[in-house]
Amino acid sequence: MSLTKRSWAEPFKIKMVELLKMTTPEQREKAIKEAGYNTFLLKSEDVYIDLLTDSGTSAMSDQQWSGLMLGDEAYAGSKNFYTLEKAVKKFYGYKHLIPTHQGRGAENILSQVMIKKGDIVPGNMYFTTTRLHQELAGGTFVDVIIDEAHDSENLHPFKGNIDLNKLQALIKKHGAKKIPYVCVAVTVNLAGGQPVSMQNLKELRALTQEHGIKIMLDMTRIAENAYFIQQHEKGYAKKSIAAIVKEICSYTDGATFSGKKDALVNIGGFLAVNDQDIFEEASNLVVVYEGLHTYGGLAGRDMEAMAIGIEESVQDEHMKARIGQVLYLGEKMQEAEIPIVLPIGGHGIFIDAKRFLPHLKQDQFPAQTLAAALYIDSGVRTMERGIVSAGRNAKTGDHYYPKLELVRLTIPRRVYTQAHMDVIAESVERVYQDRKKIRGLKMVYEPKYLRFFQARFSKL
Ligand SMILES: *Cc1c(COP(=O)(O)O)cnc(C)c1O
């Protein structure tokens, strides 16, 4: 027998485990009913495999846990700040670091320092908190992602790319002075974890330089983006994730970062910039919102764990297993002909609920319905990204009807095994087999803001 396929396995072994409560379908039926068919309102202890988010849900390594013991909890000039500063310089190349309690803290500071009332901030698809901070600072977000990103079946390998023609038109229309920076997310969360190519970044750098516009990265999942460049972009197959990460940063002027994703910690973030003036203003402002510029709302121990996590996140073996696990789950679903967003992205699988439950109208909440059905089947918790998340038009009072009606299965890093992935895929398949029996939902309670978190539903 010739061995053509060689399997990969996780580059770690398990030292400590967290026991999970096993529930029966009857218990889950009751729990989801009590939660108003909203997975956000389930108690975590009633969940078997939790795919609600990859944010702050990673497993830390023994090195990171021992880093916690090295916490220097001095108010000013903590040792751990300097360790983190060194890591940011070494792995990302930015000159100045300002720690923040998490990513949105950095977004707030950056937006306030750089955006003036009436400014335009182009970006590759919005992220909820990023856009809100840009708006609160008086700016207007404009989406300049390539059109392919909005099509769940388009196989473009770098669906996160910026459409330079759209950007050029925007510069022409408003003038470069109105555009403080382009906000580039790597990878693009709301497009399904889709990466940006290095070529696109280089071209963007050339165009923005011509006009004196800065580039600020949302580098929350930069190592995941680097993996896609290594795998799919010409000339990068032999480069390390670490080298690619640093090259990405080299085309930009600064970044906001949520440590809760790539960097394998449960809390933390930062703002990093090269420009001395921006740094000075930002380190002044951080005192108002987060804390002194050498801790920014974090304990010393948190900064230590994040510094170690950054180094672990750019290891090739780590990233191969991280994305490998997501691909493994995605490929199982493809084999079962489950409609999912393609190409498979970096941090999770997105099921196309419109194609999964074609007999439901969009205002019967197909993705919300499917998330509840999956929970009842196996105790797997997923999240709606469709009409409920999109909210209502403030003027007309009608629902927004987004093109993409998705259920997101986000994979925490280093937390679940391949056997868990099998259980998830089998549960999705089982629900798919019985999909014709699934009835929709009606909304019985609707909060005013970000309704997906707290809305309640009942069965139709
Ligand atoms: C999570 C996230 C943020 C915000 O970071 P927090 O740490 O949750 O505040 C910003 N951008 C992207 C792309 C994210 O995924």
Side-chain angles (χ1 to χ4, degrees), residues 40 51-58 84 88 92 98-112 121-137 141 143 145 149 159-162 181-196 215-226 228 245 248-249 252 254-272 286 289-291 296-299 302-303 305-306 309-310 313 322-323 326 345-348 350 383 385 389 406 408-413 450 452-453:
F40 276 101
L51 308 182
L52 194 68
T53 174
D54 66 329
S55 179
T57 52
S58 300
L84 180 61
V88 168
Y92 304 135
I98 296 169
T100 55
H101 77 286
Q102 58 185 83
R104 67 198 67 183
E107 291 168 351
N108 174 35
I109 308 287
L110 180 72
S111 301
Q112 290 210 35
V121 189
N124 50 348
M125 206 176 266
Y126 79 98
F127 183 73
T128 51
T129 57
T130 320
R131 181 174 70 184
L132 192 56
H133 281 300
Q134 291 164 355
E135 290 170 351
L136 289 171
F141 165 83
D143 188 6
I145 202 165
K159 268 173 151 177
N161 279 356
I162 301 255
Y181 62 92
V182 180
C183 177
V184 182
V186 285
T187 59
V188 181
N189 189 343
L190 284 162
Q194 302 294 332
V196 178
I215 301 175
M216 292 295 169
L217 273 188
D218 176 345
M219 62 184 292
T220 289
R221 295 185 183 80
I222 190 170
E224 294 179 6
N225 199 113
F228 286 106
V245 162
I248 294 174
C249 295
T252 72
T256 55
F257 184 71
S258 169
K260 301 174 70 171
K261 284 70 172 243
D262 256 8
L264 302 157
V265 285
N266 307 117
I267 196 72
F270 62 72
L271 169 65
V286 77
Y289 292 101
E290 306 279 319
L298 293 174
D302 295 331
M303 292 190 279
M306 186 155 64
I310 287 170
S313 78
R322 156 63 174 161
I323 308 244
V326 176
H347 63 296
F350 295 70
M383 164 200 311
R385 273 290 177 238
S389 296
L406 308 176
R408 185 176 94 172
L409 290 72
T410 347
I411 313 297
R413 296 163 187 79
L450 299 175
F452 58 95
F453 283 127

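No hydrogens, no waters, no symmetry mates; every other heavy atom, side chains included, goes into these values. The residues of the chain are indexed from 1 along the displayed sequence. First listed ligand is number 1; within each ligand, the first listed atom is number 1.
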Identify, for [atom], the protein heavy atom at the shortest distance, and state residue, atom and that distance.
| atom | value |
| --- | --- |
| atom 10 (C) of ligand 1 | E107 OE2, 3.1 Å |
| atom 6 (P) of ligand 1 | Q102 NE2, 3.3 Å |
| atom 2 (C) of ligand 1 | K261 NZ, 2.4 Å |

message: Under 4.0 Å from a heavy atom of T129: which atoms of ligand 1 are those, numbered in the order shown and with their elements?
response: 4 (C)
query: Looking at R104, which atoms of ligand 1 are within less than 4.0 Å of one of its heavy atoms?
result: 5 (O), 6 (P), 8 (O), 9 (O)
statement: Sorted by chain and residue number, the side-chain contact (heavy atoms from CB on, under 4.5 Å) partners of S111 (sequence neighbours excluded) come out as I115, H133, Q134, A137, Y181
[X] versus [Y]: any side-chain heavy-atom pair under 4.5 Å?
| X | Y | answer |
| --- | --- | --- |
| L217 | Y92 | no |
| R408 | L406 | no |
| K159 | V188 | no |

query: For ligand 1, does K260 get within less than 4.0 Å through its side chain, its backbone, both, or neither, judged by non-hydrogen atoms?
result: side chain
statement: Closest heavy-atom approach to atom 12 (C) of ligand 1 among L190, D218, N189, I267 is made by D218
- request: Measure from atom 5 (O) of ligand 1 to every heavy atom in G105, G193, S258 and give the option owning the shortest one.
  value: S258
message: When you measure from the centre of the six-membered ring of F452, is the NZ or CZ of R385 closer than 6.0 Å and no more than 45° off the axis?
response: yes
Ignoring hydrogens and angles, write down the donor-acceptor pairs under 3.5 Å from the side chains of residues 255-265, residues two or more places apart or on other chains.
unit_1, atom_1, unit_2, atom_2, d
S258, OG, K260, N, 3.4
D262, OD2, I222, N, 3.0
D262, OD2, A223, N, 2.6

statement: One should read off an interatomic distance between D54 CG and L409 CG, to the nearest 0.5 angstrom, of 12.0 Å
task: Would you check whether F127 has a nitrogen or oxygen atom less than 3.5 angstrom from a nitrogen or oxygen atom of ligand 1?
output: no
